[in-house]
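Here the structure is laid out as structure tokens; the discussion comes afterwards.
Remember, predicted model here, so these are calculated numbers, not experimental data. This chain uses plain numbering: 1 for the first residue, then up along the sequence.
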Amino acid sequence: LLEQVLGALAAIGVASLAAVARALPRHLQVSLAANLGLSAIGFAVTTSAIHGMGPAFIAARLRGIDLNKRTTRRDEAGALLRPVQGVEIPESMGTICATAFILVMSVFIPFAFASSERHSFPHADLAEYLAAVLTITFATFMGFADDVLDLRWRHKIPLPFLATLPLLLVYYANGNETGVMVPNQLRGLLGDYVDLGVFFYFFLLILAVFSTHTINIYAGVNGLEAGQSVVIGISVMILNVVQLHRIPAKHTEYREQHVQSLFLIIPFLSVTAALLRLNWFPSKVFVGDTFCYFAGMTFAAVCIVGHYTKTMVLFMLPQWINFLYSCPQLFKPLGIPNPRHRMPAFDPVLGHVKNSYTELKPSELKPLGKAVFWVLKTFRLADVRPPRKDGTVEVSNLTLINFVLYVMGPCREDVLCFRLLMLQVSCSILCFAVRFGLASYVFDFVI
């Protein structure tokens, strides 16, 4: 079923791109066709390389065991045996996915700029394109280092800041906009346009860090990391296609920004779809932190190149919700204990995934932790079990995955992933409704 869905989406995507290409200049039509052809090759290479290199990754100790499978050994009570014993699966397969993407983008360079004359060569576009690829490459390298070295969070967090600098420097050198249009209701106070200056670059840095790490913490289910990336990537491509239909031909700069975005997102979708096929339940490979860094930085790069950062924030609404919901466990001052793994637990009898829990004693929490616990319990934002005799309370781990299990009940892992991806799709639909519907009520002209 997954392959049929991906095939149908690919056919619809190609048809949409063929329709929009008719209004593009001849050289961009050639470039788009070359991009599609190279992306198809990238899909085939990624699939073949993952199949072929799996044993090599296992031999290099880049491997893992799927905890939520019956093949993983448990005691009579259903608890995992330590050390964990089960079928070893190749991990960090996002490395192959990202490498294929980088190679495709490198080969694509001549097709993207070969038609340009030397005296009118678009140096600014080439610099932005190369900076985007370099930024994604840096992020991929950092992700692989995390997979191999298991970096601590205090080291992980600043890495995307460094990876994004090449793209932001080119963005600055090209004199791109650093401000926002003011809604009609506030123009009497703020004017038509507010230039944020250095604060805009700070926002871009924060967006890059968030995009990179949020996919990493919204994980733990077969197919979820690659699946959410495919949904966001498709949403980006739809936005690009719609904008190329909407924006008049006289706004050449805006149209070219969306074409540049397409050049990045189409190969990303092709290699990620190849990874998703093998990462879907029951997973044959794990994507690893490398893919999370790669995917997150790709989203940051395409929205910076395409100049739709605010829209990208809406596309990633489930990731924002998961991050905010997770904050009491991610930040120690908020007081809720954070176990090593917050992924769902497994019921070996039914073969279903269910809520996983963390343990705490409310009386021992700091004042801020007590307030957070009261909110969670009072508003039923988490499953809080009755206290034991010693006062210990079990609280479901604060992830969007566990919240969906809390609300909708235990289910098979693929069903859970499908529900989470439908939530992602719903948020993308909401984003388009806000972007092209609600925005017209607060702005005179929406591009």
Side-chain angles (χ1 to χ4, degrees), residues 16-17 19-20 23-24 28 124-125 128 132 164 167-168 170-172 174-208 210-211 214 231-265 299-321 323-324 423-447:
S16 301
L17 292 170
V20 79
L24 297 177
L28 288 181
D125 291 342
E128 197 166 56
T164 315
L167 183 56
L168 294 188
V170 172
Y171 188 92
Y172 171 79
N174 288 345
N176 286 307
E177 295 180 354
T178 57
V180 293
M181 297 298 297
V182 177
N184 296 336
Q185 294 79 2
L186 300 176
R187 288 185 177 178
L189 296 174
L190 303 175
D192 295 344
Y193 180 84
V194 174
D195 187 4
L196 301 177
V198 68
F199 294 104
F200 187 79
Y201 291 100
F202 182 72
F203 162 71
L204 295 182
L205 283 172
I206 294 298
L207 179 62
F210 173 81
S211 300
T214 190
V231 173
I232 296 172
I234 291 174
S235 302
V236 168
M237 194 177 81
I238 292 173
L239 174 68
N240 296 148
V241 170
V242 169
Q243 289 296 75
L244 287 172
H245 275 294
R246 289 180 67 252
I247 299 175
K250 63 181 180 180
H251 296 288
T252 306
E253 183 179 355
Y254 290 113
R255 291 174 62 83
E256 288 183 353
Q257 290 167 358
H258 285 281
V259 172
Q260 286 276 71
S261 175
L262 278 174
F263 288 162
L264 290 168
I265 205 63
F299 294 142
V302 295
C303 73
I304 291 172
V305 169
H307 295 254
Y308 49 84
T309 51
K310 297 182 291 295
T311 304
M312 181 59 76
V313 170
L314 293 177
F315 281 149
M316 302 188 76
L317 186 58
Q319 286 71 25
W320 281 104
I321 294 172
F323 170 72
L324 294 174
L423 175 62
Q424 190 81 49
V425 171
S426 301
C427 289
S428 290
I429 294 173
L430 175 63
C431 172
F432 284 114
V434 172
R435 177 68 177 78
F436 298 113
L438 183 62
S440 60
Y441 292 97
V442 295
F443 297 102
D444 292 328
F445 182 63
V446 178
I447 293 183

Ring geometry between His258 and Tyr308 (parallel below 30°, tilted from 30 to 60°, perpendicular above 60°): parallel
Please confirm whether the backbone N or O of Val182 pairs with a side-chain atom of Arg187, one donor and one acceptor, at under 3.5 Å? yes
Enclosure of Phe443 CZ (heavy-atom neighbours >12, cutoff 6.0 Å): yes
Contact between Gln319 and Phe210 at the side-chain level, heavy atoms closer than 4.5 Å - yes or no? yes
Of all heavy-atom pairs linking Gly306 and Ser261, the shortest is CA-CB, 4.4 Å
Over 12 non-hydrogen atoms of neighbours within 6.0 angstrom of CD in Gln185: yes
Do the side chains of Gln243 and Arg435 get nearer than 4.5 Å, heavy atoms only? yes
Nearest heavy-atom contact between Ser211 and Met316 is OG-SD, 3.7 Å
Other residues, nucleotides and ligands only: do more than 12 of their heavy atoms fall within 6.0 Å of OH on Tyr172? no
Got Val236 and Met312 here, is their nearest side-chain heavy-atom distance under 4.5 Å? yes
Student check: side-chain heavy atoms of His307 and Tyr171 closer than 4.5 Å: yes
Closest heavy-atom pair, Val241 versus Val20, reported as atoms and distance to 0.1 Å, is O-CG2, 4.0 Å
Aromatic rings Phe432 and Phe436: how do their planes relate, parallel, tilted or perpendicular, breaks at 30° and 60°? parallel
Does Tyr201 reach the main-chain N or O of Leu168 with its side chain, forming a donor-acceptor pair under 3.5 Å? no
Which atom names give the shortest non-hydrogen contact between Val305 and Ala132, and what distance separates them? CG2-CB, 4.1 Å
Cys431 to Leu314 - nearest heavy-atom pair and separation: SG-CB, 3.5 Å
Side chains of Thr214 and Phe299 in contact at under 4.5 Å (non-hydrogen atoms): no
Here the pair of heavy atoms bringing Gln424 nearest to Ile232 is NE2-CG1, 3.6 Å
